[in-house]
Amino acid sequence: MPLQKNARWFLLDKSRALTEFLRQNVHELWPICGARTIWNKFYLRETTLELNSNPKKMKNVNSGDVVLSKIADYDFLSVDIFDTLLFRHCKSPIDAFGFMEAHTQTRQVTEYFKDYRVAAEQLAREDADSKGLEDVSLDEIYFCFQQFTNCSDEQAEQIKQLELETEMDLLHATRFGRKLVKQLQNTQKRFVITSDMYLPQEYLERVLRAKGITGWERVFVSNEQGKTKHTGNLFNDVAKYFNVPKDKILHIGDNRLADGQMAAAAGMQSHVVLASKDLPSRSPKPKRHSNLLAGSRPISQIFAANFLEKHHYDSEKLDFRTLSETEYFEAFGAVLVAPMIVSMLIWMKREMDKRDISRIAFLARDGMFPKAAFELLWPNECDTQYVAASRRLLTLPFTVLEPDTIGGMLHTTLESSQTLDEFLGKISAGQILTKLFANHGLSGKDPLTRKARKKILGLLMESPDTFFQSFAHERAALKRYYRSAFPAETNTAIFDVGWRGSLQRSICEIVDAEAGILGLYFGTSRHATSILRRGGLEYVSYTVSNGFPSHLTPWFTDFRDIVEFICSADHGSVLGLQENGFGEVSWGTAEVSELEAANLQRAKKIQDAALYAIESVLQAMSVETLAKYADPMDEQDMRQFLSNPHRQDALRFKNIRVFDGVGDTVGESLTRIGERRTHYQNAKNSRWRAAYGSQLNPLSYALLKFILRKRKKIHL
């Protein structure tokens, strides 16, 4: 035997020996090590090794479509349930217990429910082994759970019912299961369900019918039959039920040992299908190519499991390095953006319900994507609208700006304009400014030189009152528009990514004083205090409020630009409103360059994939069910991805650019990856420093991190 195989079996035997030692000494080790150390690291690992220990690839492992093509040769079928007919919207069966940890009923008993639940099942199986039984029931597991936690009978029963409810929520028919049922509907073939499972038979029958798996004659469950597939004895009951030779029966399942080897050893024909849940374990190690599937929060697990089942059904492996840019951004949208946006919208809906608000306005441009997702989740519950808004639209006509503010706002627009008329057209200025420039010898048709641009900017900064007066022609139309969008004596929520809250302040100054407005933000920075709180305006933030809590500050420092990229609408910034003779309002938007158009198309791919993922998940569970498992502030997985991206993930965003203001046609790189400057300059100026740092070799990264912290107190 080759040395590599010898080493593999040696390690496997050592793992089994260690696990057996832990089993025999569990009561002594439990207070010292705890459930998480013992069971998650050793028992679960050993179980995985046992199921995949055969070094030879089984010949009867096939794609679902191949298995379906072979069904015609058999009149009698036996089919596994979990990961064959039904899949859970989580990473593994024990992760479903993690979904229950935040529930009040479990927290009253223990904050480590997942660990104690796994340990209780193992203890119940040890008791069953000592009695010569092959499996255990859910009641027996919760009897052991009571021994570990000292909870009452009533509490144990409540948590047991919660587990059944959670399983019902998370289970959904696989693509293979739906195809199988459809194929068997109009045939004379007979099939039964065969499963190694502790859940009650009556409950499993109810789940199968609820999820659309029908046509079976009987459900054989190991805990009620007293026999399992893993020993092969349960297949004897199936053959006895059909009353035919075993070789006339085809058994289908996803477990190579129980459904493959043991079914064949019992004399049946068997085929093993590829379970989407196991796709990451069949693939190259994710640490080599992506952190996309690293999310551990319940909402992320739901969308990741749905993504694997919908997009990679029957795939033998998944390597994100082989995906095209479009495929990668679709995966990013489905497994990271979709759960974060759903979590945020659930939080928004709860904030609205607290205040009995049923109207919400999504401000352009960042609100277009969240509005589409909101309408998928609650299609008929709220009055939604997409409202024209921009810093230029709401600030210039209504606010007398400080000279420095005027210079900061218009510098980029002026630099990108070739003539004075082009510049005035971009800001929709009136005749007053045209006369001002004409009086100083500036013609609208002449090309703008550097000297002329400097002179124009100086005149604007010297005449803030004149600048304000030049937008008088817009104010009346804008007041009518916003007072129509936010009527008096109504309460309306507005959504904006953030961060200062200046748009909400401007809207509140324009609309009727009796119109109530609640600001809902992805995040607000420390500057929002002076703008919103001191102005007496009501608002709440999803991630950060005025910079607190401090561990979330990366959202408005390091990750601000990538959040705005993800939420980018497919149109330019709103420059002004035009009102026709019938009172209909149309928007004037800024033209976008080819570079920005390409940027917006990438964002649209991410958004479309996220919306498709939301729609797909809603086919399996309602928004009320999603809300049960979505922490209202559940942005943790996305934040961890952005804080520590894999090198391959960072490289995917290499071509994303950030554009500052109207008229910026070139922008700058989001990550600075690939730019021919020093690592120090690139990292210091990067809009996503963690991405730039992730693609450096360890020595360069360590040196750069030291230099940045020493010179500029910047953290990678």
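Everything quoted here is computed from the prediction, not taken from an experiment. Sequence positions, counted from 1, serve as the residue numbers for this chain.
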Pairs involving residues 645-684, ordered by first then second residue, that meet ring-ring contact (aromatic ring centres under 6.0 Å, His included) (sequence neighbours left out): Phe329-Phe653, Phe332-Phe653, Phe653-Trp688, His679-Tyr692

Residue pairs passing the ring-ring contact (aromatic ring centres under 6.0 Å, His included) test with at least one member in residues 585-613, sequence neighbours excluded, are His311-Tyr612, Tyr386-Trp587

Taking all atoms of both residues into account, what is the closest heavy-atom pair of [X] and [Y], and its distance?
X: Gln301; Y: Gly295; value: CG-O, 4.2 Å
X: Ser390; Y: Leu393; value: OG-N, 2.9 Å
X: Leu577; Y: Ala388; value: CD2-CB, 3.8 Å
X: Ala364; Y: His571; value: CB-CE1, 4.4 Å
X: Glu675; Y: Asn682; value: O-ND2, 3.0 Å
X: Leu520; Y: Ala493; value: CD1-CB, 3.8 Å

Quick one: are [X] and [Y] in side-chain contact, heavy atoms under 4.5 Å?
X: Lys455; Y: His440; result: yes
X: Leu279; Y: Ser315; result: yes
X: Ser290; Y: Gln648; result: no
X: Ile456; Y: Phe423; result: yes
X: Met344; Y: Met348; result: yes
X: Phe467; Y: Leu436; result: no
X: Thr466; Y: Leu460; result: no
X: Met638; Y: Trp555; result: yes

Taking only residues two or more places apart in sequence, or in another chain, which ones meet [X] in a side-chain contact (heavy atoms from CB on, under 4.5 Å)?
X: Pro549; value: His551, Leu552
X: Thr322; value: Asp319
X: Ser643; value: Phe559, Arg639

Take Gln636 and Phe641 through the side chain to side chain contact (heavy atoms under 4.5 Å, CB included) test and state the conclusion after the steps. CA-CA 9 Å; Gln636 176 180 311; Phe641 175 85; over 6 Å; no

Which word best sums up how the rings of Tyr521 and Tyr539 line up, parallel for under 30°, tilted for 30 to 60°, or perpendicular for over 60°? perpendicular

According to the interplanar angle, ranging from 0 to 90°, do the rings of Phe522 and Trp499 count as parallel (below 30°), tilted (30 to 60°) or perpendicular (above 60°)? perpendicular

Run Met352 and Ile360 through side chain to side chain contact (heavy atoms under 4.5 Å, CB included) and show every step you take. CA-CA 9 Å; Met352 292 169 62; Ile360 180 168; 3.9 Å; yes

Looking only at atom types and distance, does a side-chain atom of [X] sit under 3.5 Å from a main-chain N or O of [Y], one as donor and one as acceptor?
X: Asn697; Y: Ser700; result: yes
X: Asn685; Y: Gln681; result: yes
X: Gln607; Y: Phe369; result: no
X: Ser541; Y: Val544; result: yes
X: Asn599; Y: Ile656; result: no
X: Asn291; Y: Pro645; result: no
X: Ser283; Y: Leu318; result: yes
X: Arg453; Y: Ser417; result: yes
X: Lys605; Y: Glu327; result: no
X: Thr449; Y: Ala452; result: yes

For Asp664 and Glu415, run side chain to side chain contact (heavy atoms under 4.5 Å, CB included): C-alpha distance rounded to whole Å, both residues' side-chain angles, the deciding distance at 0.1 Å, then the answer. CA-CA 8 Å; Asp664 183 0; Glu415 285 294 316; over 6 Å; no

I need the [X] [atom1] to [Y] [atom2] distance, nearest 0.5 Å.
X: Glu509; Y: Gln504; atom1: CD; atom2: CD; result: 11.0 Å
X: Leu704; Y: Leu699; atom1: CG; atom2: CG; result: 11.0 Å
X: Leu457; Y: Ile406; atom1: CG; atom2: CD1; result: 9.0 Å
X: Lys349; Y: Ile357; atom1: NZ; atom2: CD1; result: 11.0 Å

When you check the gap from the basic side-chain N to the acidic O, do Asp608 and Lys604 get nearer than 4.0 Å? yes

Are the charged groups of Arg297 and Asp634 less than 4.0 angstrom apart, N to O? yes

How about [atom1] on [X], more than 12 heavy atoms from neighbouring residues, nucleotides or ligands closer than 6.0 Å, or not?
X: Glu591; atom1: CD; result: no
X: Lys479; atom1: NZ; result: no
X: Arg321; atom1: CZ; result: yes
X: Arg709; atom1: CZ; result: no

Using the side chain to side chain contact (heavy atoms under 4.5 Å, CB included) rule, take Phe486 and Ile510 through it: C-alpha gap first, then chi angles, then the decisive distance, then the call. CA-CA 10 Å; Phe486 303 96; Ile510 297 170; over 6 Å; no

Test Phe303 against every option in Val335, Ile614, Val337, Leu308 by the side chain to side chain contact (heavy atoms under 4.5 Å, CB included) rule and name the one that passes. Ile614

Audit row: Glu375, Thr384, side-chain hydrogen bond (donor to acceptor under 3.5 Å, both in side chains) steps and yes/no: CA-CA 8 Å; Glu375 290 172 343; Thr384 61; 2.6 Å; yes

Which is it for His89 and Tyr629 under the ring pair (Phe, Tyr, Trp, His ring centres under 6.0 Å) test, yes or no, and what are the steps along the way? CA-CA 11 Å; His89 283 83; Tyr629 306 111; over 10 Å; no

All pairs passing salt bridge (Lys or Arg N to Asp or Glu O under 4.0 Å) where residues 682-693 contributes a residue, at least two apart: Asp558-Arg689, Asp561-Arg687, Asp660-Arg687, Glu668-Arg687

Evaluate Tyr542 against Ser343 for side-chain hydrogen bond (donor to acceptor under 3.5 Å, both in side chains), listing each step before the verdict. CA-CA 9 Å; Tyr542 173 61; Ser343 178; 3.2 Å; yes

Sole residue of Arg602, Arg652, Lys654 in salt bridge (Lys or Arg N to Asp or Glu O under 4.0 Å) with Glu325: Arg602

